[in-house]
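Worksheet for the structure shown next.
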4 protein chains.
Amino acid sequence: MRHEKVDVIFQAAIKVFADSGFDQARMDEIAKEAGVAKGTIYYHFKSKEDLFVGLMNEGVQKLIDFAKRSIKRYDSPTEQMQALVKSHVLFYVENGMLAKLLLSEAFGTKSRQHQFRMKIHEYLRLIETILRRGAETGEFKVKHVPEAASAFFGAASVVVLQKLYSLEESELRQIDEAVPQMIESLQHIVMCSIKNSPYL
Amino acid sequence: MRHEKVDVIFQAAIKVFADSGFDQARMDEIAKEAGVAKGTIYYHFKSKEDLFVGLMNEGVQKLIDFAKRSIKRYDSPTEQMQALVKSHVLFYVENGMLAKLLLSEAFGTKSRQHQFRMKIHEYLRLIETILRRGAETGEFKVKHVPEAASAFFGAASVVVLQKLYSLEESELRQIDEAVPQMIESLQHIVMCSIKNSPYL
Amino acid sequence: MRHEKVDVIFQAAIKVFADSGFDQARMDEIAKEAGVAKGTIYYHFKSKEDLFVGLMNEGVQKLIDFAKRSIKRYDSPTEQMQALVKSHVLFYVENGMLAKLLLSEAFGTKSRQHQFRMKIHEYLRLIETILRRGAETGEFKVKHVPEAASAFFGAASVVVLQKLYSLEESELRQIDEAVPQMIESLQHIVMCSIKNSPYL
Amino acid sequence: MRHEKVDVIFQAAIKVFADSGFDQARMDEIAKEAGVAKGTIYYHFKSKEDLFVGLMNEGVQKLIDFAKRSIKRYDSPTEQMQALVKSHVLFYVENGMLAKLLLSEAFGTKSRQHQFRMKIHEYLRLIETILRRGAETGEFKVKHVPEAASAFFGAASVVVLQKLYSLEESELRQIDEAVPQMIESLQHIVMCSIKNSPYL
DNA sequence: GATGAATGAGCTTTCATTCAT
DNA sequence: AATGAATGAAAGCTCATTCAT
């Protein structure tokens with residue numbers, strides 16, 4: 001069982017990293033947000049980078065777990081793909097900070113960014129798995145599976161973020177109203193492009 | 001006519017910002033890369049942020065101009081949309097650095113990020129214009145135009161970046177071989193999801 | 001109880017600020033003089049300006065306290081005024097650095113200079129209080145109290161500084177011999193100009 | 001005859017140095033104020049310090065000349081001393097910037113400050129000359145002439161500056177109303193303390 | 001386990017000065 | 001004589017990290 005303080009620090013770190021990005025995040029602020037002394041963070045984590053990597057892995061893992069739970073309820077690849085798109089949007093709306101970090105910290109040559117991409121790759125493989133199963137059952141027809149997975153990931157991520165940042169601070173509650181629209185749009189795009197036979 | 005040194009600094013800055021992101025980029029490094037003294041940068045730009053904003057605006061403008069030139073050669077929205085996807089991929093492969101900054105620095109609450117999103121919005125509006133024209137001619141059928149534009153932008157951006165970063169340093173030349181594949185995949189996704197009638 | 005390091009920094013800062021003035025004083029030098037790292041200063045003080053303001057307030061407060069203690073021993077305004085002049089000279093000779101900063105940093109439109117003048121004003125009010133009490137008892141006759149207070153302050157300050165700077169480095173010990181002369185001169189000036197009846 | 005541009009630069013420099021003090025004054029600003037290129041200043045002056053020293057000498061010289069002209073109209077040391085006090089106040093009110101620089105830049109160990117003190121010393125010697133002549137004629141009785149000169153200089157300087165800075169920006173016109181009061185106060189102080197016989 | 005005072009390398013920015021034109 | 005683009009030394013300040021308690 002993880003130490004109690006570690007959880008407190010994780011929660012604080014998520015918030016601060018999401019608000020500010022890796023570079024602008026201050027260990028001081030994380031400590032203050034967590035209500036612990038700065039030294040305590042260093043007792044539990046080797047470095048800022050270490051904390052960040054742990055955090056990102058956990059974040060993406062949650063995204064993966066959430067997606068897997070959504071998928072599990074369906075058998076056909078078609079339904080699973082739709083469930084995946086829906087879970088992606090819902091998770092991002094609920095965890096906007098992660099979405100932002102996903103795009104802003106995923107690309108780069110730094111070691112932490114490489115590690116981060118590895119973790120994201122797990123999620124992409126989940127998408128690819130469904131696509132491949134759909135191809136086997138004959139429901140889907142996808143020529144370049146990895147490219148399709150990347151494309152869906154990018155499309156879904158940018159659509160949600162663009163919506164989040166286009167709403168003013170005061171209108172942020174309207175994001176919930178926009179969710180069905182985003183899900184519909186993305187499902188349409190995804191299904192159209194992979195369905196063997198024409199999609200509605 | 002812009003001063004010669006300004007161009008040298010711009011070229012150096014785009015390289016360094018792309019390598020490291022805004023925060024990790026060092027003015028020292030930009031100066032060294034440009035072969036000028038650090039003070040020279042500050043003689044021409046008010047601040048690091050000023051340099052970055054100028055750079056990004058110019059970068060996105062080039063993307064917009066490149067896309068517009070590609071589109072101009074065609075009349076039908078269908079051909080224009082395919083041309084746009086192609087130009088997007090080609091531009092990103094040629095300007096991988098800008099592509100990375102486009103995703104990593106576009107989202108956030110900083111003023112420079114807001115300015116940056118405004119500029120990207122110009123590009124999104126270009127996509128939307130084609131989509132709307134296609135809807136008018138009856139070639140396209142798009143329910144939520146802004147969402148579709150964001151989705152295509154996100155899909156195309158992530159596909160190229162994912163490919164760029166999945167190739168090791170030594171295999172970077174292979175990127176050119178991957179270009180047709182990426183274009184084909186993205187065109188397929190885009191056309192399928194907007195075509196009024198089934199797209200083969 | 002104030003932290004030990006704060007005192008060390010204060011002592012070093014007063015020396016460096018006095019040697020060089022606010023602008024020419026270097027935080028590096030203060031740190032070196034104090035035997036602490038530069039960061040330590042910024043751990044305890046918000047900025048160079050913050051350090052300076054704290055220092056000046058404390059310095060002038062010491063001058064005020066010293067004057068008040070000197071005055072307390074006497075009842076008659078006449079004796080108090082003489083005590084004040086004497087204490088002023090003694091304090092300045094002992095704290096030449098503060099004296100210099102008092103004149104060189106008090107005037108200007110910067111916020112820190114305004115704050116500084118406010119503090120000096122406390123000292124001037126002390127002088128004015130004695131002058132007014134003397135007027136009540138009939139011992140003094142002063143037409144413009146604030147002008148008189150400023151004049152005595154300026155006279156005493158410049159006399160000591162002029163003497164300090166007219167002595168070469170090597171003759172600085174002679175300052176002690178000059179003290180009685182300065183006190184006598186200033187007391188003469190002050191008493192003559194405020195005494196109701198002729199002062200010998 | 002001095003080069004035309006030198007005068008333009010001098011006028012600009014006076015303004016900028018007075019507004020900001022030596023350290024905070026920027027050569028850029030002086031150039032802009034003078035309407036010349038920065039290089040032009042360096043064509044006529046060796047350095048910022050060189051410009052400042054030249055300026056200060058000229059400023060103090062003007063003060064000296066103004067005092068001498070005021071004195072010349074009278075024969076008796078008594079009248080001359082009163083004229084000197086009056087001219088000092090009038091000059092300071094008219095040239096507040098010089099007054100400020102006089103106090104803020106006169107003390108210190110820098111070479112320019114030493115040179116500056118030398119120049120001020122000329123003014124002090126002028127005061128001393130009158131005091132000594134008064135002693136010879138029997139009108140005055142001054143025990144320590146240099147101390148008295150310093151005291152009068154300090155008193156007059158601080159009185160005017162304190163008044164200038166105590167008035168808010170908007171009330172600066174009231175300074176003219178305060179002039180007679182300052183002159184009266186200072187003349188009273190000076191005359192009382194040097195007159196052989198009681199001064200009313 | 002936990003703390004927070006202390007550190008110092010490293011950052012952006014400033015600005016007096018130079019020099020080719 | 002005059003210019004102003006270019007310079008680079010130095011400054012104030014930040015903040016991840018350490019370590020004695």
Side-chain angles (χ1 to χ4, degrees), chain A residues 3-6 8-9 22-32 34-52, chain B residues 3-6 8-9 23-32 34-51, chain C residues 3-6 8-9 23-32 34-51, chain D residues 3-6 8-9 22-32 34-52:
Chain A
H3 194 287
E4 172 214 352
K5 287 277 164 83
V6 171
V8 176
I9 293 169
F22 180 78
D23 288 305
Q24 286 296 325
R26 306 291 165 228
M27 296 302 268
D28 265 313
E29 180 142 5
I30 294 174
K32 194 179 160 193
V36 302
K38 217 183 340 179
T40 308
I41 301 180
Y42 281 89
Y43 184 78
H44 292 287
F45 297 90
K46 215 168 90 273
S47 66
K48 185 183 182 182
E49 190 137 337
D50 187 45
L51 173 59
F52 181 77
Chain B
H3 197 284
E4 172 214 351
K5 284 280 161 78
V6 171
V8 175
I9 293 169
D23 288 303
Q24 285 295 328
R26 305 295 163 223
M27 296 302 270
D28 265 315
E29 176 117 15
I30 295 174
K32 194 180 161 193
V36 302
K38 215 179 344 177
T40 308
I41 302 179
Y42 282 92
Y43 185 78
H44 292 288
F45 298 91
K46 223 170 80 268
S47 64
K48 185 183 184 181
E49 189 137 341
D50 189 44
L51 173 59
Chain C
H3 197 285
E4 173 213 351
K5 285 279 161 78
V6 171
V8 175
I9 293 169
D23 287 304
Q24 286 295 327
R26 304 297 163 223
M27 296 303 270
D28 266 315
E29 175 117 15
I30 295 175
K32 193 179 160 194
V36 301
K38 213 183 344 180
T40 308
I41 301 179
Y42 283 93
Y43 184 78
H44 292 288
F45 298 91
K46 223 170 80 264
S47 65
K48 187 184 184 182
E49 189 137 342
D50 188 45
L51 173 59
Chain D
H3 194 286
E4 171 213 353
K5 286 276 163 85
V6 172
V8 175
I9 293 169
F22 180 79
D23 288 304
Q24 286 296 324
R26 306 291 164 229
M27 295 301 269
D28 266 313
E29 180 142 5
I30 294 174
K32 193 180 161 195
V36 301
K38 217 182 342 177
T40 308
I41 301 180
Y42 281 90
Y43 184 79
H44 292 288
F45 297 91
K46 214 169 90 275
S47 65
K48 186 184 184 182
E49 190 138 338
D50 188 44
L51 174 58
F52 181 78

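Both backbone and side-chain heavy atoms feed into the values below; hydrogens, waters and symmetry mates do not. Numbers restart at 1 for each chain; the letters A, B, ... are given by sequence-line order, proteins then strands.
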- prompt: Which atoms form the tightest heavy-atom contact between A:I30 and A:I9, and what is the distance?
  reply: CG2-O, 4.3 Å
- request: Return the minimal non-hydrogen interatomic distance between D:A37 and D:A31, and the atom names on each side.
  value: C-CB, 4.1 Å
For [N], take OP1 and OP2 only and decide whether either is under 4.0 Å from a side-chain N or O of [X].
X     : N      : value
D:R26 : E:dA16 : yes
B:K48 : E:dT12 : yes
D:K5  : F:dA1  : no
B:Y42 : E:dT14 : no

- prompt: In Å, rounded to the nearest 0.5 Å, how long is the span from NZ of C:K5 to OG1 of C:T40?
  reply: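 Result: 6.0 Å between the selected atoms.
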- prompt: When you match D:T40 and A:K38 each to their closest nucleotide on DNA chain F, which lands nearer the 5' end?
  reply: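 The residue closer to the strand's 5' end, by nearest nucleotide, is D:T40.
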message: Please compare C:M27 and B:V36 by the position of their nearest nucleotide in DNA chain F and report the one closer to 5'.
response: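 The 5'-side residue here is B:V36.
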message: Checking B:D28 now: which residues fulfil side chain to side chain donor-acceptor pair (under 3.5 Å) with it, not counting sequence neighbours?
response: B:K38
- request: May I ask you to decide if D:F22's main-chain N or O and D:K48's side chain share a donor-acceptor pair within less than 3.5 Å?
  value: yes
field: Nucleotide E:dT17, atom P - distance to OH of D:Y43 in whole Å
entry: 18 Å
task: Quickly work out the B:D28 CG to F:dG8 P distance and round it to whole Å.
output: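 Computing the B:D28:CG to F:dG8:P distance gives 12 Å.
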message: For Watson-Crick and G-U wobble pairs within 3.5 Å on both distances, what is DNA chain E written in dot-bracket notation, | included for inter-strand pairing?
response: .||||||||||||||||||||
message: Applying a 4.0 Å non-hydrogen cut-off, can you work out what A:A25 is touching in the nucleic acid: base, sugar-phosphate, or nothing?
response: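 Contact class for A:A25: sugar-phosphate only.
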